[in-house]
Amino acid sequence: MKEIGIALLGLGNVGLGTYRILADHAKDIERRLGARVRVRHVLVRNTGRSRPEDVPASLITHDMKTILDDKEVAVVVELMGGLSPAREYLEQAIASGRHVVTANKALLSAHGEAIYSKALARGVDVHFEGAVCGGIPIIRTLREALASDRVESLTGIVNGTTNFILSAMANEGASYADALRRAQELGYAEADPTLDVSGMDAAQKLCLLASLAFSARVSPESILVEGITSLTPADISHGREAGYVLKLLATARRAPEGLDVRVHPAFIPAASPLADVSSAFNAVLLQSAALGASLYSGRGAGALPTGSAVVSDIIDTCRNLLAGVSGRLPLPCPPHVHDVPLLPSGARRGPVYLRFSVSDEPGVLGRIASVLGEKGVSINSVLQRPPRPEDAHATIVVFTHDTREADVVAAVQWIDSLRSTRAPTQVIRIEEGPGVLLASR
Ligand SMILES: NC(=O)C1=CN([C@@H]2O[C@H](COP(=O)(O)OP(=O)(O)OC[C@H]3O[C@@H](n4cnc5c(N)ncnc54)[C@H](OP(=O)(O)O)[C@@H]3O)[C@@H](O)[C@H]2O)C=CC1
Ligand SMILES: N[C@@H](CC=O)C(=O)O
Ligand code: NA
């Protein structure tokens, strides 16, 4: 039987998951592919570290040259993370005619175009299903299954760590710090978890999705990105009282003036299918012209879910190689992507949740209401909480009607400058339109 040699760069969470799936499913893979996939090298940073017994020590190396010099290696699979040396190694692999697979969304969102262009010129495959939503086949869906359709919007929960943290805070009363620590232990978090909690990892993934869904060039630096670090258990419970669930949402949608692309926490109705997506599960809800609403969900992080996407990519690459049709799928680089106008965040219209921390004195609610009115922010409902013994201030929560975001920002700036305001106001957008509902038409 024909054998195809591959090299894994990285043997961490995803690298080990990938290695084990290749080993455990070897017979199935052989049957499906008509060839055997053989791991010839595993590149790591620290060769002195003890490794799991099922990975032969003879495979471990720290020398990329050994891999590049091995003519039997046809596919290089990058699962190291970070920008450098991951970029150099991938580009060296491409330059030497190797097909590449990666799960590195940080690298692709920063340097994807350069990497894809080199691969196009060299006629080699680049696959990256593991880079977005772990095991959910969302890249394949956009790149292949929906090649026929016109995506109008996509709304997703695309970061497992933050969804794990918010679920643990909401459902178990866990503290933020404890939930983050557990997400790290379970192998969901990035090596630098700031990328997760700041919303940056979700933004990197969203930009990859947007490039495929809208043929648009979008970078995390050009869009609104807010993370989960300022969210409190009180926000979660105030939202719940009003029938909402708090999620970190990644959204990209067509608007007449351009694309509206952003990542931020949002309250969504408990009836939204995204509200039920808990723990390290991810989901993407697509609205497209021909298919209508479609929902993709599953485990978005972790060794085996992500490893399953990586192994599928390896199999696809090998299939193309065996059929002599490598370089068949479009990559999100010119001529397949172009610049599009992006909507400024202040242009959003929608309801918002505002939590004011104020001194407990007469007239405060009236002053807040009058500033909101002055700025054209219309109040839908109000909750007032007396100060708890452990708090130095009272809490007023306002749910607004549809409002222009720029007006909310102006009102909050004004209110935060009042003497009676004791802490910066918490602003959380409420999303309840078709983007978060399955049956939109
Ligand atoms: N964890 C997850 O759930 C998911 C992760 N990803 C992405 O997959 C990639 C890997 O993530 P993960 O497995 O969690 O990361 P880990 O930190 O667990 O593993 C990284 C691996 O790469 C090796 N490595 C790092 N730098 C170098 C270097 N300079 N030279 C050689 N080897 C190096 C490390 O070697 P050593 O063992 O010696 O330290 C380690 O084996 C990242 O791009 C991440 O964003 C994507 C989807 C989900
Ligand atoms: N850190 C990421 C891992 C998968 O992409 C996440 O938590 O989603
Ligand atoms: Na995926």
Side-chain angles (χ1 to χ4, degrees), residues 7-19 41-52 55 60-64 67 77-90 101-110 127-143 156-166 179-180 183-206 208-209 212 228 248 250 279-284 296-313:
L8 300 184
L9 314 186
L11 189 68
N13 295 302
V14 182
L16 188 58
T18 299
Y19 184 88
H41 309 275
V42 177
L43 184 88
V44 296
R45 183 169 28 203
N46 179 357
T47 47
R49 235 171 87 182
S50 80
R51 303 287 167 182
V55 184
I60 303 288
T61 177
H62 178 61
D63 185 12
M64 185 63 188
I67 293 171
V77 184
E78 186 275 310
L79 305 168
M80 298 163 27
L83 302 185
S84 180
R87 177 181 181 180
E88 291 80 0
Y89 289 176
L90 273 186
V101 171
T102 178
N104 191 335
K105 56 268 174 167
L107 177 62
L108 292 182
S109 79
H127 290 270
F128 48 94
E129 185 59 75
V132 183
C133 295
I136 308 173
I138 189 65
I139 299 289
R140 251 180 204 86
T141 297
L142 291 169
R143 222 176 162 192
I157 295 168
V158 299
N159 180 270
T161 300
T162 47
N163 204 45
F164 180 90
I165 294 172
L166 292 178
L180 171 57
Q184 289 179 286
E185 284 166 6
L186 290 164
Y188 302 149
E190 294 304 301
D192 172 8
T194 319
L195 287 168
D196 296 294
V197 298
S198 67
M200 185 47 71
D201 176 80
Q204 292 165 349
K205 292 166 174 165
L206 179 61
L208 285 176
L209 293 179
L212 294 169
I228 65 160
L248 182 69
S279 193
F281 278 72
N282 284 185
V284 176
Y296 309 85
S297 66
R299 289 184 197 276
L304 293 178
T306 311
S308 84
V310 173
V311 173
S312 298
D313 279 352

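Model, not experiment: these values are computed from the prediction. All ligand and atom numbering here is 1-based and tracks the order in the structure.
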task = Output the list of atoms in ligand 1 that are nearer than 4.0 Å to some heavy atom of Gly81, sorted by atom number.
result = 42 (C), 43 (O)

Gln184 side chain vs Gly187 backbone, donor-acceptor pair below 3.5 Å = no

ask   = How about Leu11 and Ile60: do any of their side-chain heavy atoms sit closer than 4.5 Å?
value = yes

query = Does the N or O separation between Tyr89 and ligand 1 drop below 3.5 Å for any pair?
reply = no

request  = Under 4.0 Å from a heavy atom of Ala189: give me the atoms of ligand 2 that qualify, with their elements.
outcome  = 1 (N)

query = When you measure from atom 3 (O) of ligand 1 to every protein heavy atom, which one gives the shortest distance, and what is it?
reply = Gly302 N, 2.7 Å

ask   = When you look for heavy atoms under 4.0 Å from ligand 1, do you find them on the side chain of Asn104, its backbone, both, or neither?
value = both

ask   = Below 4.0 angstrom, N of the basic side chain to O of the carboxylate: do Arg143 and Glu129 qualify?
value = no

remark   = Of Met80, Lys105, Arg49, Glu88, the residue with the heavy atom nearest atom 46 (C) of ligand 1 is Lys105

ask   = Would you say Pro137 reaches the Na ion (ligand 3) with an N/O/S atom under 3.0 Å?
value = no

remark   = Under 4.0 Å from one or more heavy atoms of Asn46, ligand 1 contributes atoms 38 (O)

message = Distance alone, cut at 3.5 Å: any donor-acceptor contact between the side chains of Thr194 and Asp192?
response = yes

remark   = re atom 35 (O) of ligand 1, the protein heavy-atom contact at minimum distance is Arg45 N, 3.1 Å

Any Gly134 heavy atom less than 4.0 Å from ligand 2 = no

request  = Would you mind reporting whether Ile139 and His127 have side-chain heavy atoms less than 4.5 Å apart?
outcome  = no

Numbered atoms and elements of ligand 1 in range of Leu79, under 4.0 angstrom, heavy atoms = 10 (C), 20 (C), 21 (C), 22 (O)

ask   = Below 4.0 Å from any atom of ligand 1, is there a heavy atom belonging to Ala131?
value = no

key: Those atoms of ligand 1 less than 4.0 Å from some heavy atom in Ala301   = 3 (O)

Contact atoms of ligand 1, heavy-atom distance to Thr306 under 4.0 Å = 3 (O), 46 (C), 47 (C), 48 (C)

Minimum-distance protein heavy atom relative to atom 44 (C) of ligand 1 = Glu190 OE1, 3.5 Å

request  = Report yes if some N/O of Glu78 lies less than 3.5 Å from some N/O of ligand 1; otherwise report no.
outcome  = no

task = Check each atom of ligand 1 against the heavy atoms of Leu11 and keep those under 4.0 Å away; list them by number with element.
result = 21 (C), 40 (C), 41 (O)

ask   = Which residue owns the protein heavy atom closest to atom 19 (O) of ligand 1, what's the atom, and how far is it?
value = Gly12 CA, 3.2 Å

key: Residue Asp196 vicinity, atoms of ligand 2 by number, heavy atom under 4.0 Å   = 1 (N), 2 (C), 6 (C), 7 (O)

ask   = Nearest to atom 17 (O) of ligand 1, what protein heavy atom do you find, and at what distance?
value = Ala191 CB, 4.5 Å

query = Where's the contact between Val132 and ligand 2, heavy-atom distance under 4.0 Å: side chain, backbone, both or neither?
reply = neither

remark   = Separation between CG (Asp201) and NZ (Lys105), nearest 0.5 Å, reads 4.5 Å

ask   = What atoms of ligand 2 come closer than 4.0 angstrom to any heavy atom of Gly160?
value = 6 (C), 7 (O), 8 (O)

message = With heavy-atom distances below 4.0 Å as the criterion, list the atoms of ligand 1 near Asn13.
response = 13 (O), 14 (O), 18 (O)

message = Check whether Thr161 reaches the backbone of Tyr188 with its side chain - one donor and one acceptor, N or O, closer than 3.5 Å.
response = yes

ask   = Taking non-hydrogen atoms only, is Thr161 closer than 4.0 angstrom to ligand 2 via side chain, backbone, both or neither?
value = both

query = Side chain, backbone, both or neither: which part of Ala106 comes within less than 4.0 Å of ligand 1 when only heavy atoms are counted?
reply = neither

inquiry  = Geometry only, no angles: is Pro85 polar-contacting ligand 1 at N/O separations under 3.5 Å?
reply    = no

query = Would one find an N or O of Gly15, backbone or side chain, under 3.5 Å from an N or O of ligand 1?
reply = no

message = Just so I know, are the side chains of Gln204 and Leu195 near enough to count as touching, which here means a heavy-atom distance under 4.5 Å?
response = yes

message = Considering non-hydrogen atoms of the protein only, which is the closest contact for atom 23 (C) of ligand 1, and what is the distance?
response = Gly10 CA, 3.9 Å

task = Can you spot which of Thr162, Asn159, Asn163 makes a side chain to side chain donor-acceptor pair (under 3.5 Å) with Asp196?
result = Asn159

ask   = Of the backbone atoms (N, CA, C, O) and the side-chain heavy atoms from C-beta on, which set of Gln204 has a member under 4.0 Å from an atom of ligand 1: side chain, backbone, both, or neither?
value = neither

query = With a cut-off of 4.0 Å, which atoms of ligand 1 are near a heavy atom of Gly187?
reply = 1 (N), 2 (C), 3 (O)

request  = Could you list the atoms of ligand 2 found under 4.0 angstrom from a heavy atom of Lys105?
outcome  = 2 (C), 3 (C), 4 (C), 5 (O)

query = Hey, which atoms in ligand 2 end up nearer than 4.0 Å to a heavy atom of Asn159?
reply = 2 (C), 6 (C), 7 (O), 8 (O)

ask   = Which protein non-hydrogen atom lies closest to atom 7 (C) of ligand 1, naming both residue and atom, and how far is it?
value = Ala103 O, 3.4 Å

ask   = Just how far is it from atom CG of Leu166 to atom OG of Ser279, taken to the nearest 0.5 Å?
value = 11.5 Å

task = Could you establish whether Arg51 and ligand 1 come within less than 4.0 Å of each other, counting only heavy atoms on the residue side?
result = yes

ask   = Just wondering, do Ile136 and Val284 contact through their side chains at under 4.5 Å, heavy atoms?
value = no

request  = Could you please spell out the steps behind the side-chain contact (heavy atoms from CB on, under 4.5 Å) verdict for Tyr89 and Leu43?
outcome  = CA-CA 11 Å; Tyr89 289 176; Leu43 184 88; 3.5 Å; yes

query = So, the side chain of Asp313 versus the backbone of Thr102: is there a donor-acceptor pair under 3.5 Å, distance only?
reply = no

key: Atom pair OG1/CG of Thr18 and Leu79 - distance to nearest 0.5 Å   = 5.0 Å

query = Heavy-atom contact under 4.0 Å between Gly130 and ligand 1?
reply = yes

request  = May I ask you to check if any N/O/S atom from Ile136 comes under 3.0 Å of the Na ion (ligand 3)?
outcome  = yes

Ile139 backbone or side-chain N/O/S under 3.0 Å from the Na ion (ligand 3) = no

message = Using a 4.0 Å cutoff against the non-hydrogen atoms of Tyr188, which atoms of ligand 2 qualify?
response = 1 (N), 2 (C), 3 (C), 6 (C), 7 (O)

query = In this structure, are over 12 heavy atoms from other groups packed under 6.0 Å from Arg299 atom CZ?
reply = no

remark   = The answer for which part of Ala103 has a heavy atom under 4.0 Å from ligand 2 is neither

request  = Specify the protein heavy atom at minimum distance from atom 11 (O) of ligand 1: its residue, its atom name, and the distance to 0.1 Å.
outcome  = Val14 CG2, 4.0 Å

